There are 2 protein chains.
Amino acid sequence: MATIRDVAKLAGVSVATVSRVLNNQGYVHEDTRKKVERAIHELNYKPNAVARSLYKKTSKSIGLIIPDITNPFFPQLVRAVEETMNRSGYTVLLFNSDEVLKRERHIIDLMVTKYVDGIIIVSNTIKYEHLQHLTIPIVALDRVISQEIPSVSVNNYEGARKAVRLLKEKGCKKIAHLRGPENVFTAEERLRGYLDEMSSQEMESIIYVGNYELKTSMVETMRLLTEHPDIDGIFAGNDVMAVGAIKAITKLGIHIPNELKIIGFDGIELGTVITPELSTMKQPIVQLGKKSSELLLHYINGQEKGLRHYVYQAELVERDST
Amino acid sequence: MATIRDVAKLAGVSVATVSRVLNNQGYVHEDTRKKVERAIHELNYKPNAVARSLYKKTSKSIGLIIPDITNPFFPQLVRAVEETMNRSGYTVLLFNSDEVLKRERHIIDLMVTKYVDGIIIVSNTIKYEHLQHLTIPIVALDRVISQEIPSVSVNNYEGARKAVRLLKEKGCKKIAHLRGPENVFTAEERLRGYLDEMSSQEMESIIYVGNYELKTSMVETMRLLTEHPDIDGIFAGNDVMAVGAIKAITKLGIHIPNELKIIGFDGIELGTVITPELSTMKQPIVQLGKKSSELLLHYINGQEKGLRHYVYQAELVERDST
DNA sequence: GTGAAAGCGCTAACAT
DNA sequence: ATGTTAGCGCTTTCAC
């Protein structure tokens with residue numbers, strides 16, 4: 001690998017001059033620049049990012065921590081972040097944490113050690129106290145961690161209310177909620193929305209606990225339907241669980257949406273794949289990724305000083321399950 | 001951020017000694033080690049990975065280039081790679097290339113510049129000529145790029161034959177193939193398998209072209225079924241297309257598997273989500289990721305010198321669509 | 001067993 | 001407009 005020295009030697013100038021043309025700053029004579037550029041080209045020289053990082057204490061890369069890329073909600077989010085970051089010349093270091101605090105902390109340490117310029121994190125487990133010692137900017141994505149950490153998220157509470165409201169409008173009299181895991185921010189908010197919307201009309205709430213994934217959801221839906229055969233509406237905590245519920249319901253020979261209506265939350269592609277296609281509260285996933293990236297970039301560049309919290313609205317997408 | 005100097009000063013030793021205890025090599029007196037460790041702890045010192053990289057010309061990280069994380073085949077693969085790598089102390093830098101050669105080359109340059117210790121790449125577009133100048137090890141994953149690049153892949157040809165054979169055994173008389181995109185290695189191999197299996201019994205082959213994704217697959221399936229209403233078996237080039245086909249077929253009111261049987265390829269989770277559940281040729285996705293990582297690690301450590309090509313077999317998983 | 005010092009490849013004062 | 005040099009934080013000879 002050619003170094004800046006090799007280029008300098010070949011071009012017959014000093015390394016400082018080469019550095020100047022590389023970074024396009026300071027005065028350098030047109031002829032000299034040409035010479036240097038020719039040398040760079042000839043040697044196929046690429047500046048060493050590591051050396052540069054060491055000096056500048058910045059790496060042109062950011063860390064992205066998510067629970068699990070295998071969860072169909074995240075691939076799109078990750079791509080949106082990557083795209084935005086790449087466009088600004090940043091590389092993204094992706095890590096799956098499985099929401100294990102110990103791993104999250106380890107990942108963060110590792111990132112700091114690698115001079116990442118900022119971190120975007122999706123997590124329920126991590127708290128402000130684990131983050132406050134950091135000197136690089138951080139933004140919480142999809143979930144808000146605390147008031148002190150800037151965030152980009154969706155109004156889960158309102159979205160949930162809208163979802164339940166749709167079920168009611170469609171004539172459902174007994175609406176159950178298949179909630180997401182306990183202590184998970186989004187799940188709690190959606191539950192709260194369901195509860196408030198139900199109690200506002202003195203409807204009895206029926207709650208079963210899922211884990212944001214398919215299998216448990218099927219099992220719980222089965223249980224729900226045997227214990228409450230008169231249910232005519234289900235608000236699932238996310239699309240994956242809704243899909244699980246649809247599978248279970250279909251297996252039971254109950255017709256959707258005639259006998260039972262169901263709505264999910266997230267708006268992932270999976271919902272359009274199953275039959276009947278799933279009605280859902282669609283999150284602006286790409287926007288979430290993009291906005292969080294831009295926000296982080298602004299903090300990195302010092303263009304933003306305040307503590308911003310962006311909240312998007314989930315949008316009702318009605319398909320065939322309601 | 002504390003540096004090695006701070007630790008040295010606090011412990012009352014030289015930086016060399018600190019480095020020795022950090023790397024656990026060379027002689028250092030037990031008492032000295034204790035002192036140093038105490039200082040490290042007290043300052044919450046973490047060695048600077050960038051400085052270390054600069055000296056050692058290695059970064060304890062590898063690059064992973066995939067077409068698109070949004071394609072449901074990849075998340076699992078990525079996790080398997082990440083897991084294996086992390087376990088060996090390596091970080092993975094993930095990039096989506098969209099199979100655009102220019103981006104792939106850019107990504108590779110970037111990685112080299114960051115001192116990645118090796119690269120795992122999933123690509124059809126890149127060729128040996130674009131890789132031969134690299135001095136770091138590289139392994140091709142899922143597709144073989146050339147004989148000169150070590151690879152870990154699946155026998156798509158054999159898998160395809162098995163798939164078609166199943167359809168025949170189940171009594172299908174007219175079997176169509178919904179193939180993947182042209183010039184994509186896996187798609188070509190699967191097509192070849194289909195063709196050979198058909199001609200071995202002098203069955204007429206009927207081929208429609210999809211793009212490994214849902215929408216096109218639905219459209220093409222519709223066309224296929226209007227132009228050839230007597231089709232009784234479909235071998236789809238991958239699971240995503242198979243799911244698209246199922247949607248189209250169901251919409252047409254044709255019963256699966258009674259009137260028409262269908263089998264996919266890949267074994268992604270999506271296949272178990274739809275109704276009827278999809279029969280498929282399951283790839284050992286996790287193993288692919290794991291093996292490619294281990295192989296790369298072996299090259300990095302110099303434990304492996306030869307050009308290895310590992311080929312796994314796809315496994316028939318029969319569910320409800322056949 | 002420990003320390004001094006060179007050097008990894010680059011950038012940015014500071015000179016000239 | 002260009003060159004010299006210190007230094008980013010670390011590892012590794014080479015002395016002692």
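Note that the structure is a prediction, hence the values are computed from the model and not measured. Below, chains carry the letters A, B, ... as their sequence lines are ordered, and counting in each starts from 1.
When the nucleotides C/dG3, D/dT11, C/dC8 are ranked by their closest atom to the side chain of B/Ser19, D/dT11 comes out on top. Taking only side-chain atoms of A/Thr32, from C-beta outward, the nucleotide of C/dC10, D/dA1, D/dC8 with the closest atom is D/dA1. Taking only side-chain atoms of B/Tyr55, from C-beta outward, the nucleotide of C/dG9, C/dG3, D/dC10 with the closest atom is D/dC10. Across D/dG7, C/dT2, D/dC10, the shortest atom-to-atom separation from the side chain of B/Thr3 is found for D/dC10. Of all nucleotides listed (C/dG9, C/dG3, C/dG7), C/dG3 comes nearest to the side chain of B/Ser14. Side-chain atoms of B/His29 lie closest to C/dT2 of the nucleotides C/dG9, D/dA1, C/dT2. Picking from D/dT11, C/dT2, D/dG9 the nucleotide with the shortest atom distance to the side chain of A/Leu54 gives D/dG9. Closest approach to the B/Lys57 side chain among C/dG9, D/dT2, C/dA12 is made by C/dG9 (side chain taken as heavy atoms from C-beta onward).
Side-chain contact of A/Ser61 with A/Tyr115: a donor-acceptor pair under 3.5 Å is absent, judged by distance alone. Between the side chains of B/Gln303 and B/His298, at least one donor N or O sits under 3.5 Å from an acceptor N or O. Side-chain contact check for B/Ser151 and B/Ser153: no donor-acceptor pair (N or O, by modelled atom type) lies under 3.5 Å. Side-chain atoms of B/Glu294 and B/Thr84 include no donor-acceptor pair closer than 3.5 Å.
Going from atom NZ of A/Lys9 over to atom P of D/dT4 covers 13 Å, rounded to whole Å. Atom C1' of nucleotide D/dG7 and atom CZ of B/Arg5 are separated by 9 Å, given to the nearest angstrom. Remark: P of C/dC10 and CD1 of A/Ile40 are 10 Å apart, rounded to the nearest angstrom. Distance, A/Met1 CE to C/dC8 C1': 14 Å, rounded to whole Å. When the P atom of D/dA6 is taken as reference, atom NZ of A/Lys56 falls 21 Å away, rounded to whole Å. Note: CG (B/Asn48) to P (C/dC8) measures 18 Å, nearest angstrom. The distance between atom CG of B/Asn23 and atom P of D/dT11, rounded to the nearest whole Å, is 4 Å. In this structure, CD1 of B/Ile4 is placed 18 Å from P of D/dG7, rounded to the nearest angstrom.
The residue B/Val13 sits close only to the backbone: its heavy atoms come under 4.0 Å of sugar-phosphate atoms, none of a base.
Projected onto DNA chain C by closest heavy-atom contact, A/Ala49 and B/Tyr27 fall at different nucleotides, the more 5' of which corresponds to B/Tyr27. Of the two residues near DNA chain D, A/Gly26 and B/Ala51, the one whose nearest nucleotide lies more 5' is A/Gly26.
OP1 or OP2 of C/dG3 has at least one side-chain nitrogen or oxygen of B/Thr17 nearer than 4.0 Å. The phosphate of C/dG9 has neither OP1 nor OP2 within less than 4.0 Å of any side-chain N or O from A/Lys46. Side-chain nitrogen and oxygen atoms of A/Gln25 include none within less than 4.0 Å of the OP1 or OP2 phosphate oxygen of C/dT11. OP1 and OP2 of C/dC8 both lie 4.0 Å or more from every side-chain N or O belonging to B/Ser53. In this structure, B/Tyr45 reaches the D/dC10 phosphate: one of its side-chain N or O atoms is under 4.0 Å from OP1 or OP2.
The only member of A/Ile136, A/Ile62, A/Leu295 that meets side-chain contact (heavy atoms from CB on, under 4.5 Å) when paired with A/Ile300 is A/Ile62.
In terms of polar N and O atoms assigned as donor or acceptor, the side chain of A/Arg20 comes within less than 3.5 Å of the base of D/dG3 in a complementary pairing.
Using a 4.0 Å cut-off between charged side-chain N and carboxylate O, B/Glu82 and B/Arg87 make no salt bridge.
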